[in-house]
Undergrad: 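Here it is, the structure in full.
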Amino acid sequence: MGPLQFGMSPAGVAQALSVSGPQERVGGPYAQEDFPDGVKAFYDAGKLACVALDAVTGPQVFLSGFPLAGSDPQWGQQFLLDHAAEKGNWVLYTPDDSLSLTDLGVLLRSQQVGAARLTRPLFVKEEWLDSQYFRDHLPLEGASG
């Protein structure tokens, strides 16, 4: 898998993920493409604006050695708070008790998996994290226009 960068076109995202295209495209005001292995891409005006990883089937990503996908949400939040205190990151809570390190573009949501809740990382462009609407509604799944 190659690096994903905000502003990429849908074709560029597919190429970076080493796939011919998404498994599914979802219409609405913000185009959504669902890729294999629990990766969802969201576009604003045809450019990549957010990547959401599934807590279980998505790829594992780490921040300073901590697994952001599939962890206990309380541990995830405490890790982000500790990381922010150590590195001087900007911390922002959302109304659903998610936590974001806005300067890194990381938003840590939780996802219900059976009887458990697990962390689900989202990587979000700065303008969307600066917007209360997007912070409160990401990952925009099923958004209709």
Side-chain angles (χ1 to χ4, degrees), residues 1-8 10 12-44 47-87 89-145:
M1 179 162 69
L4 291 174
Q5 298 176 0
F6 295 123
M8 280 183 148
V13 170
Q15 184 178 7
L17 294 175
S18 301
V19 297
S20 60
Q23 290 178 315
E24 181 181 5
R25 286 187 173 92
V26 180
Y30 308 100
Q32 172 186 336
E33 293 185 330
D34 297 347
F35 289 92
D37 301 323
V39 175
K40 293 184 180 198
F42 298 86
Y43 302 90
D44 187 11
K47 301 293 183 188
L48 182 64
C50 176
V51 175
L53 305 181
D54 187 87
V56 176
T57 62
Q60 184 56 272
V61 291
F62 296 89
L63 178 60
S64 296
F66 183 83
L68 293 178
S71 293
D72 178 282
Q74 289 181 319
W75 295 347
Q77 284 199 354
Q78 189 59 56
F79 169 78
L80 290 184
L81 290 171
D82 293 344
H83 188 277
E86 180 182 330
K87 306 286 185 187
N89 300 117
W90 290 94
V91 175
L92 181 70
Y93 280 96
T94 61
D96 69 343
D97 291 327
S98 295
L99 187 65
S100 176
L101 298 183
T102 57
D103 50 337
L104 295 182
V106 175
L107 175 61
L108 200 60
R109 292 270 194 239
S110 67
Q111 178 180 333
Q112 191 71 39
V113 179
R117 289 202 75 76
L118 300 174
T119 55
R120 178 186 194 191
L122 283 75
F123 302 94
V124 186
K125 71 176 186 173
E126 184 178 359
E127 300 88 89
W128 277 19
L129 279 180
D130 288 344
S131 160
Q132 181 178 351
Y133 173 81
F134 286 109
R135 281 195 316 265
D136 294 352
H137 292 88
L138 288 169
L140 297 173
E141 292 162 315
S144 59

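Quick note: numbers below take in every heavy atom, side chains included, and nothing from hydrogens, waters or symmetry partners. Small disclaimer: the values here were computed from a predicted structure and weren't measured.
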Undergrad: Please identify each residue that fulfils salt bridge (charged side-chain N to carboxylate O under 4.0 Å, His left out) with Glu126, with sequence neighbours left out.
TA: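 Here no residue qualifies.
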Undergrad: With side chains defined as the heavy atoms from C-beta onward, is the minimum distance between Leu138 and Leu107 less than 4.5 Å?
TA: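 A side-chain contact exists here, since the closest heavy-atom pair is under 4.5 Å.
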Undergrad: Run the side-chain hydrogen bond (donor to acceptor under 3.5 Å, both in side chains) test against Asp130 and tell me which residues pass, sequence neighbours left out.
TA: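 Checked Asp130 against side-chain hydrogen bond (donor to acceptor under 3.5 Å, both in side chains); zero matches.
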Undergrad: Using the side-chain contact (heavy atoms from CB on, under 4.5 Å) rule, take Val39 and Leu17 through it: C-alpha gap first, then chi angles, then the decisive distance, then the call.
TA: CA-CA 9 Å; Val39 175; Leu17 294 175; 4.1 Å; yes
Undergrad: Could I get the full list of side-chain hydrogen bond (donor to acceptor under 3.5 Å, both in side chains) partners for Ser20, not counting sequence neighbours?
TA: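 Result, side-chain hydrogen bond (donor to acceptor under 3.5 Å, both in side chains) vs Ser20: none returned.
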Undergrad: Could you work out, with side-chain hydrogen bond (donor to acceptor under 3.5 Å, both in side chains) as the rule, every residue matching Asp37, not counting sequence neighbours?
TA: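 In terms of side-chain hydrogen bond (donor to acceptor under 3.5 Å, both in side chains), with neighbours along the sequence ignored, Asp37 is linked to no residue.
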Undergrad: Please evaluate residues Val13 and Phe35 with respect to the criterion side-chain contact (heavy atoms from CB on, under 4.5 Å), reporting the C-alpha separation (whole Å), side-chain torsions for both, the decisive distance (0.1 Å), and the verdict.
TA: CA-CA 10 Å; Val13 170; Phe35 289 92; 3.8 Å; yes
Undergrad: Once salt bridge (charged side-chain N to carboxylate O under 4.0 Å, His left out) is applied, do any residues pair with Asp44, and if so which ones, sequence neighbours excluded?
TA: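 Lys125.
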Undergrad: For Gln112, enumerate each residue passing the side chain to side chain contact (heavy atoms under 4.5 Å, CB included) test, keeping only those at least two apart in sequence or located in another chain.
TA: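 Arg117.
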Undergrad: Excluding sequence neighbours, so at least two apart, what forms side-chain hydrogen bond (donor to acceptor under 3.5 Å, both in side chains) with Glu33?
TA: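 side-chain hydrogen bond (donor to acceptor under 3.5 Å, both in side chains) check on Glu33 returns Arg25, Tyr43.
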Undergrad: Checking Val113 now: which residues fulfil side chain to side chain contact (heavy atoms under 4.5 Å, CB included) with it, not counting sequence neighbours?
TA: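 Once residues adjacent in sequence are excluded, the partners of Val113 under the side chain to side chain contact (heavy atoms under 4.5 Å, CB included) criterion are Ala55, Val56, Gln111, Leu118.
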Undergrad: Output all residues satisfying side chain to side chain contact (heavy atoms under 4.5 Å, CB included) with Asn89, sequence neighbours left out; order by chain, then residue number.
TA: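 For Asn89, the residues satisfying side chain to side chain contact (heavy atoms under 4.5 Å, CB included) (neighbours in sequence not counted) are His83, Ala84, Lys87, Leu101, Asp103, Leu104.
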Undergrad: What salt bridge (Lys or Arg N to Asp or Glu O under 4.0 Å) pairs are there with at least one residue in residues 89-100, not counting sequence neighbours?
TA: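 Every pair satisfying salt bridge (Lys or Arg N to Asp or Glu O under 4.0 Å) with a residue in residues 89-100: Asp96-Arg109.
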Undergrad: Just jot down the ring-ring contact (aromatic ring centres under 6.0 Å, His included) partners of Tyr93, sequence neighbours excluded, or say none.
TA: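 For Tyr93, no residue satisfies ring-ring contact (aromatic ring centres under 6.0 Å, His included) once neighbours in sequence are set aside.
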Undergrad: Please list, chain by chain and in numerical order, all residues satisfying side chain to side chain contact (heavy atoms under 4.5 Å, CB included) with Gln60, sequence neighbours excluded.
TA: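 Scan of Gln60 (side chain to side chain contact (heavy atoms under 4.5 Å, CB included), adjacent residues dropped) gives Phe62, Pro67, Ala69.
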